[in-house]
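Reading through the C-alpha cells given below for one structure.
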2 protein chains.
Amino acid sequence: MAEEQTAGAAAAAGPTGQGCSGQHEVLQAVPAHGPHVLGTHQLPVGAAASQQPSWQQYSSVFTASKAGMQNVDKEKVKRVVFEMSKDSAHFKNEQRKQAQVDARIAQLKAKAASISQAELAAHQKAADAKLAQLEAGRDLSRTWLHADMDAFYASVEELDRPDLKSKPMAVGGMGMITTANYEARKFGVRSAMPGFIARKLCPQLAFVKPDFRKYEAASVATRGVFKVYDPHFEAGSLDEAYLDVTDYCAAHSMTGEQVAAELRAGVEAATRLTCSVGIAPNATLAKVASDLNKPNGQALVVSSREAVMAFVHDLPIRKVPGIGKVSEQTLNALGITTCGQLLQQRGLIAALFSSISARFFLGAGLGLGHTQHGGDRGDEGGAGGGSVVARKGISCERTFANMSSSADMEKMADNLVQHLAADMESEGIESKTLTLKLKTTDFAVRTRAVTLAGHVHTAQQMLPPILKLLRAELPCEIRLMGVRGSALRRLTSAGDALDAAAAGGRLNALQRMILQGRKQQQRGEAVEQQQGEQQDEQHCSMVISYRQLAQDLAIMRGSMPSMKQRLLRCHMTCLMMKTRQVLSAAAMVRLAQMARAH
Amino acid sequence: MAEEQTAGAAAAAGPTGQGCSGQHEVLQAVPAHGPHVLGTHQLPVGAAASQQPSWQQYSSVFTASKAGMQNVDKEKVKRVVFEMSKDSAHFKNEQRKQAQVDARIAQLKAKAASISQAELAAHQKAADAKLAQLEAGRDLSRTWLHADMDAFYASVEELDRPDLKSKPMAVGGMGMITTANYEARKFGVRSAMPGFIARKLCPQLAFVKPDFRKYEAASVATRGVFKVYDPHFEAGSLDEAYLDVTDYCAAHSMTGEQVAAELRAGVEAATRLTCSVGIAPNATLAKVASDLNKPNGQALVVSSREAVMAFVHDLPIRKVPGIGKVSEQTLNALGITTCGQLLQQRGLIAALFSSISARFFLGAGLGLGHTQHGGDRGDEGGAGGGSVVARKGISCERTFANMSSSADMEKMADNLVQHLAADMESEGIESKTLTLKLKTTDFAVRTRAVTLAGHVHTAQQMLPPILKLLRAELPCEIRLMGVRGSALRRLTSAGDALDAAAAGGRLNALQRMILQGRKQQQRGEAVEQQQGEQQDEQHCSMVISYRQLAQDLAIMRGSMPSMKQRLLRCHMTCLMMKTRQVLSAAAMVRLAQMARAH
DNA sequence: CTCGTGTCG
DNA sequence: ATACCGACACGAG
DNA sequence: TTGCCGCGT
DNA sequence: AGTCACGCGGCAA
Ligand SMILES: Nc1ncnc2c1ncn2[C@H]1C[C@H](O)[C@@H](COP(=O)(O)OP(=O)(O)OP(=O)(O)O)O1
Ligand SMILES: Nc1ncnc2c1ncn2[C@H]1C[C@H](O)[C@@H](COP(=O)(O)OP(=O)(O)OP(=O)(O)O)O1
Ligand SMILES: [Mg+2]
Ligand SMILES: [Mg+2]
Ligand SMILES: [Mg+2]
Ligand SMILES: [Mg+2]
C-alpha cells in the first residue's frame, strides 16, 4: 500500500479515505519536537540568575510536541500559561520542583566534568559490550501494531454532539481537561491542561463534561475488533492496545500495513471513531509510530536493522515512552536530544547512569522493544483476552476546597477509607500497610505510612490507623487527601459465591468484571457527596479510569536515577493492566449494543 | 581637604599633586564592577546546556574589576583568555570546578525555592535580631587607615628601570605574573594571570623577573613610615598595612584624611613609591576604601552610621574581603549583587546559610569591621610592632615539568622534605601530622595526610612517612608536589643560643627575624636546583613570600559554607602575619640604607 | 582526622 | 609550550 | 520500610 | 476562582 521511505518508515493513507490521514511522514515529525529550546546560549556563570521570572524561562509541561500540535505557536502558549500561572501556589510549587531538578542536573554535569579521558574510554568499552549484548537479542521476526484512538474522549463525545466536530472542544471542566479535539489542539489546548488556561488560549473553546461510561463502551467495542487480529492483544489503556499480528499476517498472507489498514477500518466501522496505528518489529517502536501520523493515520517502521536504526537516529528522546520532561532535561543537559545521540554518547551514559539506566538508554538508541506478549510472571487467561498480574496497591484520593478543620479532615478520611474498603472488597484483597496522602494548599505532597500487624480490608479496621496518621500531621491546610493500601494479599473471608470464588483465586477476567460492576452500583456516593461542586473537575471514571494502566517504565530520581528493570519490563508491565479495566455490567450491555449497531 | 560626598565617602588628591590621584569618586567606582554579567536572561530550562563551550560562557578569574581596570574591554579579555585556554588541561580542570560550583548553587536555589512564606518570615525575624545585635556593637569612635602600595612589585622594579614607567610591564614570566603596572592593566593584564596570556592581550608587554629582596626592602621602608602613625600598625602583606590612627589624630589635632595624606607623602619620600589609602571607622571599610582611588589616591568613608550605610548600599559584594569568585556567584544566584541587598534579603540569607555565615553577610551589609588591634589570642610584642600568633602549619611545594618516574618523584619529595625541615628548624617547631600534596597533570589536586605517634622535625624523620604516602599514589603523572607539617608545637631540642631561646618561647619578633635570616642563607638550593628553567615562573620570595599573609576570612564550602570566626577575626588574623614576614639579615641592612637615603 | 575547597596577596 | 606559592578556615565524612 | 519523585493516560 | 486520579517503579535514608 504505502511505499517504503528512506528513513525506514512509511505512512499510509487511511482506509476511510479521509484527507487528513497520512499527511505526516516520519522524518517530518522528528524536528517538530521543540527545536525552540535549542540554540540558545548559556548564562555566563556568575551572573544573576534570579531576576524576576519571565515567561521565556518558564518550562511548561504543555509545550512538548504532541499529535496535532506541530503548528502551535509554542511561545504564545508558554506566555499565556505563564501569565495565568505566575501568581499561583501551583506555579510556586512548580518552581520548587524545577529547582530540585536543576540541582540534580548540575550535580550530574559536575560528575560528567570530572570524568577523565581514560575513565570515559573504559565506560565506552563497557557500553560497547552492553550494546553487543542488546544487539544480539534483537528480534525482527514479529510484526507489532499499536493502535491508539484519536482524541479519544473528545471523539466519543462528538458522536453525540456532531455539531462540535468542527469546533474546538475539550472534555473536562474549568479545573482540568482530559483531552481536546484536534480543532482545539491548534490553539495549544491539550490533555492535563487546566480548563481556565485552555479557555485563555482559545476563548471559543467548548467544554463537555466527561462521561466515562461512554468511553468504556467505546473501548470495549474497539477491543472486539482488536481481538480479531490478535486474540492475546494487550490493552495499554482505555484507548490503546498492542497487537502481535505476526500470526494473522501469515495466516492471511498480509503485510502489517495491510492489517493495520483493515484494523482501522474495522474500528471505525464498529465505533464510528478513528484510530491511528503504528506498525513495527516491536511494541515500543509501534507505540512511537502510532503517534506519527495521528489522527487517523498509520506509520510503518520497516523491519530491518538498518531501517530501525535510521528511524531512531533522529528521533527526539522525548518520544521514547518512559522519557518524560525531567529525563529529557537531564539528557539535554548532556547534549543529548535524539536517540542517535544516546548511542554516540554511550560512554558518557555508561559513566553517569546506573547500569540498568544505561541499558535502557542504549536500548532506546538501538530501537529495541518487547517482541513477546506477557510477562515473566504468572498470568491467567481471561474472557477479555490477556493476562493478569497481581496488583501491588490500591488507592483513592480527592481534591477539594482548601480544608483546615480537623473535623472536616477526619470526615474526609472516613469517606475515603470507606471508598477504599469497598474497592478492596470488590477486588478481593486485603492490605497490610496503609498510606495517608496529603497535598497542602501550596501543592506540596506528603505521604505517611504505617504497616500493621496483620492484613485488613474493612473500613472499621482501616480508619483508626489512618486517623492516627492524619492527626500526627495536624494542624495543616490541605487541598487533597488520599488513602492507599499496599502489601496486598488475597482476601480470605468469604462473601457470596463470587466473593468465595475470588477468595479462592478462581476468578476469570469476565467474572471479575461482573463482580466489579456489581460493587460499583452499591456505592459511589460517600466520597463524592463531600466534593460538592467540584465533582466535574475530577476526571476519573469512578472505578475504571482510576486504574487505567500501569507504567511500562520507571525512571529517574534523587542524585541519579536508576531505572531498574526498566528495559526488561518495557511494555510488559504496561500491558498487565488491561484486565484491571474494571467494566461495569451496564458497560458490557452497551458494548453488545454498539457491536450490534454495526 | 576633600569635601564630603553624599555617599559618605570622599576622595582626596594625592599630596604629591599627581593628576592621576583622586580621580575616582566612591559612587563612580561602584558600577564599575561587572555590570556586564547582569541583564542577561536565563536559559530556558530543559534546553541543551552543553553545546560547544564558547567564550561568552567562559567565566574568567580575570574579569572582576580591579584597580586600574575599569576601562578594560572585558569581553575581549574573556575572549582572548578563552582562546588561549580552551584546549588546555588547565581549562578542563576549571570547567570541572565550575560544574561543581554550579551544582552547589543549584542545590542552594532548590533549598531557597522550598522555603515557605512562614519560614521566610521567621528567618527574617531572626535576622533582624541578629542585625540589632550587630548594630549594637558598632563602634564609630576610631579612625582606621589601610595603606596599600600601588602595583607594588612593578613599581619597585620601575625604580631601577625608569624607562619602563610609561610602558606596559609585568613582573613575572611566561608562566605566571605577580603583578603589572597600570599601563599594562589597561590591556587587562593583572596579577595571577599567566604570562603567555598577558602577552596575547598586550604584545608589547615588558616582562621583568621578580626580585623579592627588593620588595622586602621596600616593604620594610614603608613600615618605618607606618610606625610613626601607629606603632602597633598591622601589616596584611608585604605591601599593605592597617593603622589605627585615632590616637595620632587626637595628639596632632588632625583628621584621618590629613593623616592619610601625610602618610602617603612619607611613604613616597621614603621609598619613591606611591601608595593608596582608605580612611574609615573600621579596618574592613578602610581596606575597601583604599582600593577606590588607586593609584596614589585616598578615599574616606565618613564616620557616621548614615554615611557607612550609604557607602555600603551599592557596594558590589565582590569588593568585600572574603567574598571571592565563588561566593559572588553563589549570592548572585540569589539575586544579590550589592551589600545593600545583603540586608534586603536578610531573611533568605538567614534561611540558607549557617548562623555564622549569615552573621558575616549581615555584617558586610551593615558595613561593620574590626575596630581594635590584636586578637583574642596570646600576643607577644615584637620589634617590628604587632603581635604574634602561633602558626598552624608550614609547607613547601613546587611546580615542575610533568613527572611520572617514581625515582624522580621520590627525589623531589626528598628535596621538599629537606626544605621543609630547614624551615621548621628555623621556626623552632615540630609537627605531628604530615601531608603530601600532588597536583596531577590535569591540575587535579590530591592531599594525603598521616598523623604520627610523636612530633618530628628532621628530614630523616619526615621523609619515610612522606614516601609512604607518595608510593600509595603511584603510579601517577604530576606537575606539582608539596609537603606540609601541621599539628605543630614548639621544638624542644636545642640548637644555639637563639634556638634555645626559641625553644623556651622567649623569642621576640626581632630575634625571630634574625634567626630566620640566618637559616635562610644556609639552604635554598636543594629544591630549586631540580626546578631548572622553570624557576623564574615561581614567584614567592623564597622564604618570605611563602608566608606573606594569613587570611582574614574563611569562606564557603560544600553544601553551604560557614565562615566560622570570620567576622570575629576579620582583619585580625590577617594581621598576625607581619611577624611572619621572615626578613633576612641582608634585607634589614638594606632597610636601614633606604631609610637613611631619605 | 582527612580531604577537598575558597580566599587573600 | 607555557596556569604560583603559602597559610588558614570550613565542613562532610 | 518510609517518603518522595517520575511517568503514562 | 481555578491545576486530576491512579498504579507502578526507583532510590535514599
Ligand atoms: N492526564 C490525563 N488525565 C486524565 N485523563 C487523561 C489524561 N491524559 C489522557 N487522558 C484520557 C483522555 C484521552 O482521550 C485518553 C487517551 O489518551 P491519549 O491517547 O494520550 O490522548 P487522546 O486519545 O485524547 O489523543 P491522541 O491519542 O489522538 O493524541 O485518556
Ligand atoms: N596571586 C599572586 N601571586 C603571587 N604574588 C602576588 C599575587 N597577587 C599579588 N601578589 C604580589 C604582587 C603584588 O605587587 C603584591 C601586592 O598585591 P596587591 O596589593 O594586591 O596588588 P598591587 O600592589 O600589585 O597592585 P594594586 O595594589 O595597585 O592594585 O603582592
Ligand atoms: Mg489516543
Ligand atoms: Mg492513548
Ligand atoms: Mg598593592
Ligand atoms: Mg595589597
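Side chains are part of it too, since the values below use all heavy atoms of this structure and drop only hydrogens, waters and symmetry mates.
- Comparing atom distances between the A/K66 side chain and each of E/dT9, F/dA5, F/dG2 picks out E/dT9 as nearest.
- Taking 4.0 angstrom as the limit, B/R96 places a side-chain polar atom (N or O) nearer than this to OP1 or OP2 of C/dT5.
- Here the nucleotide nearest the side chain of B/R448, chosen from C/dG9, D/dC4, C/dG4, is C/dG4.
- Phosphate contact (OP1/OP2 of D/dA7, side-chain N/O of B/R391, threshold under 4.0 Å): present.
- Put simply, B/T447 has no side-chain N or O that comes within less than 4.0 Å of OP1 or OP2 on C/dC3.
- Among the protein residues, B/N93 comes within range of no part of the nucleic acid, since none of its heavy atoms lies under 4.0 Å from any strand.
- If you check C/dG9, C/dG4, E/dT9 against the side chain of B/D239, the one that comes closest is C/dG9.
- Listed pair A/T399 / F/dA5 meets the phosphate criterion, a side-chain N or O lying under 4.0 Å from OP1 or OP2.
- Proximity of B/R479 to the phosphate of D/dA1: no side-chain N or O atom is located under 4.0 Å from OP1 or OP2.
- Salt bridge B/K439/B/E397: absent, no basic N to carboxylate O contact under 4.0 Å.
- A/L480 comes within 4.0 angstrom of sugar-phosphate atoms only, judged by non-hydrogen atoms across all strands, and of no base.
- By the 4.0 Å N-to-carboxylate-O rule, A/E328 lies too far from A/K325 to be salt-bridged with it.
- Within 4.0 Å of A/F443, counting heavy atoms only, lie sugar-phosphate atoms of the nucleic acid but no base atom.
- Among the heavy atoms of the strands, none lies under 4.0 Å from A/S191.
- Of the candidates E/dG3, C/dT2, E/dC5, the closest approach to any side-chain atom of B/A449 belongs to C/dT2.
- Atom CD1 in A/I177 sits about 19 Å away from atom P in F/dG2, given to the nearest Å.
- Dashed line: the shortest gap from a side-chain N or O of B/K439 to OP1 or OP2 of C/dT5 is not under 4.0 Å.
- Distances shown here put a side-chain N or O of B/R104 below 4.0 Å from the OP1 or OP2 atom of C/dG6.
- Among the protein residues, B/R199 comes within range of the nucleic acid bases, having at least one heavy atom under 4.0 Å from a base atom.
- With sequence neighbours left out, A/F152 forms a ring-ring contact (aromatic ring centres under 6.0 Å, His included) with no residue at all.
- In this structure, B/R318 places its CZ atom 9 Å from C1' of C/dT7, rounding to the nearest Å.
- B/R479 pairs in a side chain to side chain contact (heavy atoms under 4.5 Å, CB included) with only one of the listed residues (B/L438, B/D442, B/T399), which is B/T399.
- Taking atom CZ on A/R446 and atom P on E/dT2, their separation rounds to 17 Å, with Å as the unit.
- Nucleotide C/dG4 holds its C1' atom 15 Å from the CG atom of B/L436, rounded to whole Å.
- Comparing E/dC4, E/dC7, C/dG6 by their nearest atom to the side chain of B/V326 picks out C/dG6.
- Nearest-nucleotide positions on DNA chain E place A/Q100 closer to the 5' end than the other of A/Q100 and A/A192.
- Look at CE on A/M193: it is 19 Å from C1' on F/dA5, rounded to the nearest Å.
- In terms of phosphate contacts, B/T451 brings a side-chain nitrogen or oxygen within less than 4.0 Å of OP1 or OP2 of C/dT2.
- Applying the salt bridge (Lys or Arg N to Asp or Glu O under 4.0 Å) criterion to A/R484, with sequence neighbours excluded, gives no partner residue.
- If you measure from atom CZ of A/R190 to atom P of F/dC4, you get 15 Å, rounded to the nearest angstrom.
- One can place CG of B/L438 at 11 Å from P of C/dC3, the figure rounded to the nearest angstrom.
- With distances taken from any side-chain atom of A/K325 to the nucleotides F/dA5, E/dG8, E/dC7, the minimum falls on E/dC7.
- Dashed line: the shortest gap from a side-chain N or O of A/T435 to OP1 or OP2 of E/dT2 is not under 4.0 Å.
- Whole-Å rounding puts the B/K437 NZ to C/dG4 C1' distance at 11 Å.
- Going from atom CZ of A/F360 over to atom OG of A/S354 covers 11.5 Å, rounded to the nearest 0.5 Å.
- Within the 4.5 Å cutoff, no side-chain heavy atoms of B/K437 are placed close to those of B/V483.
- Across every strand in view, F/dG9 sits in a pair with E/dC5 that passes the Watson-Crick or G-U test at under 3.5 angstrom.
- Taking 4.0 angstrom as the limit, A/K392 places a side-chain polar atom (N or O) nearer than this to OP1 or OP2 of F/dG9.
- A close approach under 4.0 Å does occur between a side-chain nitrogen or oxygen of A/S327 and OP1 or OP2 of E/dC7.
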